[in-house]
Amino acid sequence: MKPEYIVYVLTFLSAVVVVLTRVRLSKAQAAGQHQVGMGTVNAHTACGVVALVLWVYFLVTGNDSSLVGIIALFFYWLTALVGLLILMRWVPSRGKHASATTDDSWSEGPGLSVLAHVGMLVGVLVFTWYFATHS
């Protein structure tokens with residue numbers, strides 16, 4: 001299997017992660033132990049959209065625009081890091097004022113969030129490897 005095909009699939013999946021994170025966390029009562037501020041969600045969405053647009057441009061132009069690829073990777077890394085911060089909403093709270101876990105209709109517990117955001121981190125590592133070896 002060609003590495004390009006893997007990169008194309010991971011590019012599509014990265015778009016799914018950014019969109020689903022936005023959809024899931026834009027509700028007033030999102031799942032998790034803690035609430036995530038809309039600034040964090042907006043940063044994740046903005047970085048993800050910029051990364052996706054630049055990365056697709058980089059792939060479509062035949063990897064000829066290395067600066068665009070570098071900028072896309074920068075925004076993908078930001079997206080992955082903000083996503084991991086969002087994932088921290090599942091860290092349990094302890095103490096007298098701790099609140100209970102909130103579930104939603106998407107899943108019970110953090111499974112989907114862990115899959116999406118750890119998957120995004122792995123995807124960004126693959127994108128970085130691809131850029132380093134194919135530019």
Side-chain angles (χ1 to χ4, degrees):
M1 176 175 264
K2 287 185 168 185
E4 290 83 11
Y5 297 151
I6 295 169
V7 169
Y8 298 152
V9 169
L10 290 175
T11 301
F12 172 76
L13 290 175
S14 72
V16 170
V17 169
V18 170
V19 169
L20 286 182
T21 300
R22 177 76 186 184
V23 170
R24 285 187 79 190
L25 295 178
S26 62
K27 294 186 253 174
Q29 186 68 14
Q33 291 279 350
H34 308 284
Q35 294 301 313
V36 176
M38 283 308 294
T40 306
V41 176
N42 291 339
H44 184 269
T45 304
C47 289
V49 168
V50 170
L52 184 65
V53 167
L54 293 176
W55 186 249
V56 168
Y57 178 81
F58 171 73
L59 293 175
V60 168
T61 59
N63 308 336
D64 290 335
S65 47
S66 293
L67 181 60
V68 172
I70 290 170
I71 296 169
L73 285 174
F74 172 77
F75 279 102
Y76 260 128
W77 277 105
L78 282 178
T79 304
L81 292 175
V82 172
L84 292 174
L85 287 174
I86 289 173
L87 188 59
M88 297 302 291
R89 77 182 189 276
W90 288 101
V91 174
S93 296
R94 303 217 190 315
K96 167 165 94 166
H97 299 289
S99 59
T101 301
T102 306
D103 288 331
D104 61 12
S105 61
W106 292 75
S107 66
E108 291 184 21
L112 184 61
S113 292
V114 170
L115 176 66
H117 291 102
V118 172
M120 176 69 89
L121 179 62
V122 171
V124 173
L125 286 169
V126 171
F127 294 161
T128 303
W129 165 82
Y130 180 79
F131 179 83
T133 60
H134 291 84
S135 293

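The nearest pair of heavy atoms linking A51 to A72 is CB-O, 3.7 Å. Considering every non-hydrogen atom in both L121 and L84, the closest pair reads CD2-CD1, 4.2 Å. When all heavy atoms of G48 and V18 are compared, the pair lying nearest together is CA-CG2, 3.8 Å.
The shortest side-chain heavy-atom distance between I6 and Y130 does not fall under the 4.5 Å cut-off. In this structure, H44 and L78 have side chains that are not in contact, with every pair of non-hydrogen atoms separated by 4.5 Å or more. Using a 4.5 Å heavy-atom cutoff, the side chains of L13 and V17 are not in contact. For the pair T79 and F74, the minimum side-chain heavy-atom distance is 4.5 Å or more.
Residues V53 and L20 do not share a hydrophobic cluster, defined by chaining ILVMFWY side chains whose heavy atoms lie under 4.5 Å apart. In the hydrophobic cluster analysis, where Ile, Leu, Val, Met, Phe, Trp and Tyr join through side-chain heavy atoms closer than 4.5 angstrom, L115 is grouped apart from V124. Linking Ile, Leu, Val, Met, Phe, Trp and Tyr residues whenever their side-chain heavy atoms come within less than 4.5 Å places Y5 and V16 in a single cluster. Both V126 and W77 are part of a single hydrophobic cluster, where members link through side-chain heavy atoms under 4.5 Å apart.
Rounding to the nearest 0.5 Å gives a distance of 4.0 Å between CZ of F131 and CD1 of I70. Separating the CZ atom in F127 from the OG atom in S14 is a distance of 4.5 Å, to the nearest 0.5 Å. Once rounded to the nearest 0.5 Å, the distance linking CG of L52 with SG of C47 reads 12.5 Å. To the nearest 0.5 Å, the span separating CE on M120 from CG on L10 amounts to 10.0 Å. Rounding to the nearest 0.5 Å gives a distance of 12.0 Å between CD1 of I71 and CZ of F58. Distance CG/L85 to CG/L81: 7.0 Å, rounded to 0.5 Å.
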Give the C-alpha distance, both sets of side-chain angles, the deciding distance and a yes or no for side-chain contact (heavy atoms from CB on, under 4.5 Å) between V7 and W129. CA-CA 10 Å; V7 169; W129 165 82; 5.5 Å; no
